[in-house]
Amino acid sequence: MVTIRLTNSKTRRKEEFVPLEPSNVRMYVCGPTVYDRAHLGNARPVVVFDVLYRLLRHVYGAGHVTYVRNFTDVDDKINAEALRRQKAGRPETLEALIHERTEETIAWYHADMDALGALRPDHEPRATEFIGAMVSMIEGLIAKGHAYAVEGHVLFRVRSYAEYGALSGRSVDDMIAGARVEVAPYKEDPMDFVLWKPSDQGLPGWDSPWGRGRPGWHIECSAMAYELLGESFDIHGGGLDLQFPHHENEIAQSACAHPHGSFAKVWLHNEMLQVEGKKMSKSLGNFFTVRDLLEQGIPGEVIRFVLLMTHYRSPMDWRRRAASDAKKELRRWWFATEDVKARLPVDGEVVEALANDLNTSDAIKRLRDLYKAREYELLKSAANMMGFLLPSAGEWYRPTVDDEARSSIEAVFHLRQKFRQLRDYAASDYLRAVLEVAGVVISDGKQPSWTASYAGQERGWKKLHDLAYDGSGRWPSAEEIEGLSRNRNVIVTSLIDNQNNVTDEWNVMINDIPDRIDIGLLQLAGFIGGPA
RNA sequence: GGCGGGUUGGCGGAGAGGUUACGCAGCGGAUUGCAAAUCCGUGAAGACCGGUUCGAUUCCGGUACCCGCCUCCA
């Protein structure tokens, strides 16, 4: 049996993972508030814990792992969006508009996370489905003296739980010194947090012993984890920013409501994702969504690869460059393995790397070793286990070739062969470049062949620019090439060396990779006509 | 102010107290009309100052800088 070791935030140490019940390993991960598209920061824990889920399934068996990730569908931002729609003239009730918003957001979330190759959890409970469980949990807390009702609110009495702050390494007294908490007059202690709050007529609410209202944010995870995983379970995960106060509050509520349970044994927190050195956050407005990246032609699998290149406990900076490197590498793996059958068992070193506190970077290194060793069958099975090279990723690495494209490609390809036979190598190189910018890579040799691939795009554009300046006049002018590239979101600039001289090299940036062969570019072959 | 994390070669990014991380890019070579793919080879690092040690990029202390949490956020 593989020994999994995980860094437990609770103890701040890397510990051997011993499940409570190997026949039912239980994990809870805090999911999204469903009010808008998921941004890239949301994707990091999804992918990280997906790897853990896959590892647990590998070690304990797919049927012996229960993974729960919630949808927070009670939230003021959702209400705000629903109200906005109502004010914009929609006739439906607020409830209906809220429902509409959460449904569409959940569908987006599923589509985007599926694209990243993340498996769906076993349960995806919604807060609105567990209001009753939350109410009874709150009632229990009041009965035991851990919470109190006042002015329609119910507050958790932080002082009643001696270990409050243990997870995040804070003490209640220190935090009060900071005094950055909302000091409501009805609070016994400034650190007390809301379990239930009243809803006025304009807001969604549920009847409760304390009047019509809605739950505070933290209680939902405690209630849903209890209902679906029991009073003790193995792993609780989420972003580091949730450690305090969200997870601290979850622990306090759960420990007080179910004193015989241990709640989560292991706490895992992924570090934050940054963009240009700054945390991606809604308030800074520097965030972009997973969908944005997908629409820019960065496949979900590539995003996944970039996210997993960095260990989950380190901050990671999203860089465009990292995505293009990853794309290149994954493309090679795809071409090497597409006709290969995965061979089990999964490579032990990959599993070992993952079992060592999810060292995904090390695991990827091992995949690279397998690729280099041409162990493609093992590469495929190990990559599959990490959520790579799966058929569900789609053939992003290969442009679509329809019949029209195929005949155009064949025509240019054969024309080029003729020029080669005539030893008109300038024409032959020009046609190679034409094919490459259109999405076709050709390989000479004993059996000349072509493959639909974007791998040669940059090279092709550079070559076209070079040729445009060769003075022969056989091909389109520099201006024409420039125009074509710009129309395709490709920026080609001359390179400037460190003495500030313009060199004869070209720098190419491709911003938008099409998903099909560019037949328009293939027509550039017409410029040189047939061989004389 | 309180608490926590980070600083590795041109870029990204790991592990390990002593032996090549790895990828991308670069350079040299094989191969090729030229390429591609592939293969072989190669240079390049550990913020700063001390300490422990036979030996530290790796452990300890300090300094600087960066980042996060403490307020909705993964």
Side-chain angles (χ1 to χ4, degrees), chain A residues 9 12 29-33 35-36 38-49 69 72 75-77 165 168-171 173-182 191 217 237-246 248 269-274 277-284 287 305-306 308-319 321-330 332 335-336 353 356 359-369 371-372 374 419-421 423-426 428-429 432-433 436 441-446 448-451 453 455-456 459-460 463:
Chain A
S9 304
R12 288 144 209 266
V29 172
C30 290
T33 301
Y35 67 100
D36 206 352
H39 65 229
L40 188 60
N42 293 303
R44 191 172 188 196
V46 171
V47 169
V48 163
F49 292 108
R69 186 181 63 210
T72 298
D75 182 89
D76 288 345
K77 290 188 287 292
S168 52
R170 300 151 201 256
S171 77
D173 293 322
D174 286 348
M175 288 185 285
I176 289 172
R180 295 180 70 175
V181 285
E182 181 196 356
M191 291 307 296
W217 173 37
L240 187 60
D241 56 341
L242 294 183
Q243 189 177 40
F244 187 88
H246 184 55
E248 199 73 70
H269 291 100
N270 60 278
E271 251 290 0
M272 298 293 99
L273 178 128
Q274 305 186 347
K278 281 271 194 305
K279 188 182 87 152
M280 173 181 260
S281 82
K282 286 155 200 171
S283 46
L284 287 175
F287 73 96
F305 193 97
V306 174
L308 293 179
M309 266 303 296
T310 304
H311 186 86
Y312 76 95
R313 302 190 72 246
S314 297
M316 75 156 288
D317 206 355
W318 173 264
R319 295 253 168 94
R321 177 64 190 274
S324 64
D325 285 355
K327 192 169 188 176
K328 214 180 286 185
E329 195 168 8
L330 274 170
R332 285 187 198 153
F335 276 116
N356 179 18
N359 193 333
T360 48
S361 177
D362 199 27
I364 287 172
K365 184 230 177 239
R366 176 58 186 166
L367 295 182
R368 289 169 171 163
D369 291 344
Y371 171 74
K372 252 187 119 164
R374 301 189 194 208
F419 278 116
R420 288 187 71 213
Q421 278 157 18
R423 296 178 192 275
D424 185 346
Y425 293 123
S428 155
D429 288 352
R432 186 218 303 282
E436 286 184 334
V441 169
I442 53 179
S443 154
D444 296 334
K446 282 184 183 155
S449 63
W450 62 269
T451 313
S453 165
R459 211 164 43 227
K463 188 70 185 173

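Within every chain, numbering begins at 1; the chains are lettered A, B, ... in the order of the sequence lines, protein sequences first and strands thereafter.
Taking all atoms of both residues into account, the shortest heavy-atom contact from A:L242 to A:C30 is CD1-CB, 3.6 Å. A pairwise comparison of heavy atoms in A:S361 and A:M309 identifies CB-O, 3.2 Å as the closest pair. A pairwise comparison of heavy atoms in A:Q243 and A:S9 identifies NE2-CB, 3.7 Å as the closest pair. Across all non-hydrogen atoms, the minimal contact from A:E436 to A:R459 is OE2-NH2, 2.9 Å. Of all the heavy atoms in A:F305 and A:E329, the pair that sits closest is CZ-OE1, 3.7 Å. Across all their heavy atoms, A:R69 and A:G31 have their closest contact at CG-CA, 3.7 Å.
Closest-nucleotide positions on RNA chain B for A:R420 and A:D241 were compared, and the one nearer the 5' end corresponds to A:R420. Taking for each of A:D325 and A:P245 the nucleotide of RNA chain B with the nearest heavy atom, the 5'-most of the two is the partner of A:D325.
Proximity of A:W217 to the phosphate of B:rC73: a side-chain N or O atom is located under 4.0 Å from OP1 or OP2. Between A:K372 and B:rC22 there is no side-chain polar atom (N or O) within less than 4.0 angstrom of OP1 or OP2. In this structure, A:T310 reaches the B:rG13 phosphate: one of its side-chain N or O atoms is under 4.0 Å from OP1 or OP2. A sub-4.0 Å separation between OP1 or OP2 of B:rG12 and a side-chain N or O of A:R319 is present.
Looking at heavy-atom distances under 4.0 Å, A:G41 makes contact with a base. Among the heavy atoms of the strands, none lies under 4.0 Å from A:R69. Residue contacts shown for A:S428 include a base, since a base heavy atom lies under 4.0 Å away. When heavy atoms are screened at a 4.0 angstrom cut-off, A:S443 is found touching base atoms of the nucleic acid. Across all strands shown, A:R459 has heavy atoms under 4.0 Å from sugar-phosphate atoms exclusively, and none from any base. Among the atoms of the strands shown, only primed sugar atoms or phosphate atoms (P, OP1, OP2) are found under 4.0 Å from some heavy atom of A:H311. Residue A:R44 is classed as having no contact, given no heavy-atom separation below 4.0 Å to the nucleic acid. Contacts of A:L273 with the nucleic acid, taken as non-hydrogen atoms under 4.0 Å apart, include base atoms. Residue A:N359 is classed as a sugar-phosphate contact, given heavy-atom separations below 4.0 Å to backbone atoms only. At a threshold of 4.0 angstrom between heavy atoms, the contacts of A:Y371 are confined to the sugar-phosphate backbone, with no base atom among them.
Side-chain N or O atoms of A:S453 include one that pairs as donor or acceptor with a backbone N or O of A:A455 at under 3.5 Å.
Of all nucleotides listed (B:rA36, B:rA35, B:rA21), B:rA36 comes nearest to the side chain of A:V441. Ranking B:rC24, B:rC69, B:rG33 by closeness to the A:R332 side chain, first place goes to B:rC24. With distances taken from any side-chain atom of A:R374 to the nucleotides B:rA74, B:rC70, B:rC39, the minimum falls on B:rC39. Distances from the side chain of A:N270 to the nucleotides B:rA74, B:rA35, B:rG23 place B:rA74 closest. Side-chain proximity of A:L242 to B:rC39, B:rC67, B:rA74: nearest is B:rA74. Taking the side chain of A:K328 as heavy atoms from C-beta on, and the options B:rA25, B:rG33, B:rA74, the nearest nucleotide is B:rA25. When distances are taken from the side chain of A:D429 to each of B:rG5, B:rC34, B:rA74, the shortest belongs to B:rC34. Candidate nucleotides B:rA74, B:rG5, B:rG23 were compared by shortest atom distance to the side chain of A:E329, and B:rG23 ranks first. The side chain of A:K77 lies closest to B:rC72, out of B:rA74, B:rG12, B:rC72.
Rounded to whole Å, the separation between the C1' atoms of B:rA16 and B:rA36 comes to 38 Å. B:rA47 and B:rG15: their P atoms are spaced 15 Å apart (whole Å).
Between the CZ atom of A:R423 and the P atom of B:rU32 there is a distance of 14 Å, rounded to whole Å.
Paired regions of RNA chain B, where each region holds three or more successive Watson-Crick or G-U pairs whose two hydrogen-bonding distances fall under 3.5 Å, are B:1-7 with B:64-70, B:10-12 with B:22-24, B:26-30 with B:38-42, B:47-51 with B:59-63.
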